[in-house]
Amino acid sequence: MNPLLSAEQAVLGSVLLDPNQLSHLDWLAPDHFYRPVHQALFGALRKLRSDGHPAVGADGPVPLSWVTDAVDEAGLHVRGLTAVYAHTLTQACPRPEHAPVYGRMVLEGAIHRTVAQHAIRLHQVARADALQGEVEGALRSADVLAGVLTDLARHWGTNPRPVAPTAAPATAPTPPPVRTDHVAEDERFLLAVLAEQPRAMDEVVAWLRPGDFADPGHGQLYRCLGALHHRGEPIDRITLLWEAQRRGLLADGTLSGEQLTAICDSVGAGSAEWLGERVMRSSLTRTAAASARAVRVLAEDEALVPGRLINHALHALGPLDKVRTRWETANGSPAPKAPTSAPSPDGPPPARVHAALTRSTPHPAPSPPARTGPLPAPAAARPPSRATSDAPERPAHR
């Protein structure tokens with residue numbers, strides 16, 4: 001027995017048995033039902049109510065005309081509906097007074113289905129953009145998905161906010177890559193330009209990250225370039241080879257000396273900024289497709305309540321938002337405003353901060369150890385701390 005199908009039948013059966021139950025289901029819409037015949041029948045029942053059908057608000061037994069008129073009205077929009085099926089729906093309803101609970105089950109199924117549909121759409125558009133070398137379609141679809149999640153949260157009665165799952169969700173099978181040949185070529189060309197023209201790092205260091213490279217070896221080589229640039233050391237084939245060895249990239253097989261030499265000996269004339277934007281474009285569509293797959297896996301988990309589904313889905317879109325912010329920076333969009341407080345005169349300049357980001361992956365700060373007792377410390381030796389809460393607020397369920 002399908003629980004969602006049973007819930008849809010129970011809602012319709014409760015309204016057929018008691019038309020007054022419609023007053024408790026104003027938040028439920030016909031398109032929340034999965035089966036077209038159920039959509040048409042629920043829409044017909046609402047129309048009869050708005051038209052002032054005599055059965056609504058009347059005392060005593062429900063007249064047979066309530067059922068027959070609903071079937072006739074729904075039959076104008078869908079085929080195959082008969083009065084026999086309407087009576088089957090009344091038998092599928094255990095108790096008409098439980099209609100709001102049955103309706104909430106229908107809404108829950110609609111939320112899962114809607115999130116999955118928009119995630120599939122985002123994935124399709126992202127892969128199409130990857131084929132065409134565009135990003136606008138993926139960005140629009142991501143905005144639509146985020147808006148849908150916010151709207152669904154309002155219908156369900158929860159506060160939409162990104163919340164990481166407590167356990168890692170199952171991953172969907174990764175589809176075959178899209179045109180990895182030209183992506184790898186762009187990455188190799190960019191690395192050759194950066195190795196040949198070390199000053200070109202200044203053109204991409206503010207927004208390009210190692211994770212933007214589709215080839216892990218290329219990302220690690222860019223990390224080596226960022227490390228040398230950060231330390232102000234010269235960049236050439238020998239220094240890159242030494243840096244790769246220090247990071248263990250030659251020992252673990254991530255890179256080989258032949259690969260590095262081939263990249264450094266390539267023609268290094270070109271625009272690092274233009275090539276970097278091509279790499280970023282590929283990274284954005286690739287991240288959009290990965291976020292869409294993650295959201296779809298969450299939506300297909302029937303055990304996940306809608307409030308958590310919405311918040312986990314918003315969290316799954318977080319990596320795409322980060323790549324998008326850097327993409328807008330690369331394209332000359334207004335950068336985020338600087339903090340109002342004046343920077344410390346002893347702090348590193350912004351250029352070195354960007355260079356540090358290109359050479360390493362940010363890690364979360366470790367949690368402070370639990371205190372078993374008062375441990376006073378001088379004010380100068382201990383920076384002020386902010387109280388944070390690791391436990392997310394439980395979304396409200398109706």
Side-chain angles (χ1 to χ4, degrees), residues 1-121 148 151-152 154-157 296 299-306 309 397-398:
M1 179 180 294
N2 188 329
L4 180 57
L5 176 60
S6 300
E8 291 189 359
Q9 291 177 335
V11 170
L12 296 171
S14 63
V15 176
L16 290 172
L17 291 171
D18 183 3
N20 296 322
Q21 291 298 326
L22 280 172
S23 61
H24 305 299
L25 299 171
D26 291 333
W27 42 268
L28 193 64
D31 58 0
H32 290 153
F33 290 79
Y34 177 68
R35 285 196 169 186
V37 64
H38 293 168
Q39 296 177 3
L41 187 54
F42 189 73
L45 292 169
R46 294 181 62 173
K47 184 177 185 302
L48 293 180
R49 178 198 176 195
S50 62
D51 292 344
H53 195 279
V56 180
D59 297 331
V62 178
L64 184 60
S65 62
W66 172 249
V67 178
T68 57
D69 292 347
V71 171
D72 292 340
E73 176 64 28
L76 300 176
H77 307 281
V78 69
R79 295 180 179 180
L81 179 61
T82 63
V84 175
Y85 186 66
H87 289 286
T88 301
L89 295 175
T90 61
Q91 296 176 358
C93 175
R95 295 189 178 183
E97 61 270 20
H98 293 171
V101 179
Y102 305 148
R104 187 182 64 184
M105 299 174 186
V106 173
L107 177 59
E108 182 172 340
I111 290 175
H112 278 259
R113 189 167 59 252
T114 302
V115 173
Q117 290 172 350
H118 282 84
I120 293 173
R121 175 60 178 169
V148 167
D151 186 63
L152 291 175
R154 178 179 59 82
H155 278 83
W156 186 252
R296 181 178 180 181
E300 293 175 349
D301 184 2
E302 297 179 350
L304 199 60
V305 297
L309 165 61
H397 305 304
R398 299 191 304 177

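Note that these values count all heavy atoms, side chains included, but never hydrogens, waters or copies made by symmetry. The chain is numbered in sequence order, starting from 1.
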Checklist line | Partner residues of Glu97 under the side-chain hydrogen bond (donor to acceptor under 3.5 Å, both in side chains) criterion, sequence neighbours left out | finding: none

Next item on the list: Kindly state each residue pair satisfying side chain to side chain donor-acceptor pair (under 3.5 Å) with at least one member in residues 14-26, sequence neighbours excluded.
Entry: Asp18-Gln21, Asp26-Arg49

Margin query: Under the salt bridge (charged side-chain N to carboxylate O under 4.0 Å, His left out) definition, can you give me all pairs with a residue in residues 64-79, not counting sequence neighbours?
Written below: none

Notebook entry, point to check: Are any of the side-chain heavy atoms of Val115 and Leu152 separated by less than 4.5 Å?
Noted result: yes

Mind listing the side-chain donor-acceptor pairs of residues 32-40 below 3.5 Å, one per line with the distance, residues two or more places apart or on another chain?
| unit_1 | atom_1 | unit_2 | atom_2 | d |
| --- | --- | --- | --- | --- |
| His32 | ND1 | Ala29 | N | 3.0 |
| His38 | ND1 | Glu8 | OE1 | 2.7 |
| His38 | NE2 | Tyr85 | OH | 2.6 |
| Gln39 | NE2 | Phe33 | O | 2.7 |

Next item on the list: Output the distance between atom CH2 (Trp27) and atom CZ (Arg104), rounded to the nearest 0.5 Å.
Entry: 8.0 Å

Next item on the list: Compare every heavy atom of Cys93 with every heavy atom of Leu17, then report the nearest pair and how far apart it is.
Entry: CD1-CB, 4.4 Å

Note to self: Holding to side-chain hydrogen bond (donor to acceptor under 3.5 Å, both in side chains), I want the full list of residues that pass it with Arg296, two or more places apart in sequence or in another chain.
What the structure shows: Glu300

Notebook entry, point to check: What distance separates Gln91 CD from Leu16 CG, expressed to the nearest 0.5 Å?
Noted result: 12.0 Å

Notebook entry, point to check: What residues, two or more places apart in sequence or in another chain, satisfy side-chain contact (heavy atoms from CB on, under 4.5 Å) together with Val62?
Noted result: Pro19, Trp66

Note to self: Taking the side chain as everything from C-beta on, heavy atoms only, tell me whether Leu22 gets closer than 4.5 Å to Phe42.
What the structure shows: yes

Next item on the list: Taking the side chain as every heavy atom from C-beta outward, state whether Leu12 and Leu45 have any atom pair closer than 4.5 Å.
Entry: yes

Checklist line | Nearest heavy atoms of Val78 and Leu81, plus distance in Å | finding: CG1-CB, 4.5 Å

Next item on the list: Search all heavy atoms of Ala86 against all heavy atoms of Val67 and return the closest pair with its distance.
Entry: CB-CG1, 3.7 Å

Notebook entry, point to check: How long is the span from the CD1 atom in Ile111 to the CG atom in Leu107, to the nearest 0.5 Å?
Noted result: 4.0 Å

Notebook entry, point to check: Any idea which heavy atoms bring Ala74 and Ala44 closest together, and the distance?
Noted result: N-CB, 3.7 Å

Next item on the list: Let me know which of Pro96, Ser6, Pro94 forms a side chain to side chain contact (heavy atoms under 4.5 Å, CB included) with Tyr102.
Entry: Pro94

Next item on the list: Give a yes or no answer on whether the side chain of Asp51 reaches the backbone of His53 with a donor-acceptor pair at less than 3.5 Å.
Entry: no

Margin query: Run Val56 and Leu48 through side chain to side chain contact (heavy atoms under 4.5 Å, CB included) and show every step you take.
Written below: CA-CA 9 Å; Val56 180; Leu48 293 180; 6.0 Å; no

Checklist line | Residue that, paired with Leu4, satisfies side chain to side chain contact (heavy atoms under 4.5 Å, CB included) out of His112, Arg113, Gln9 | finding: Arg113

Check: Can you name the nearest heavy-atom pair linking Asp151 to Arg154, along with the distance?
Finding: OD1-NH2, 2.6 Å

Next item on the list: Please test Leu41 against Val15 for side chain to side chain contact (heavy atoms under 4.5 Å, CB included), starting from the C-alpha separation and ending with a verdict.
Entry: CA-CA 10 Å; Leu41 187 54; Val15 176; over 6 Å; no

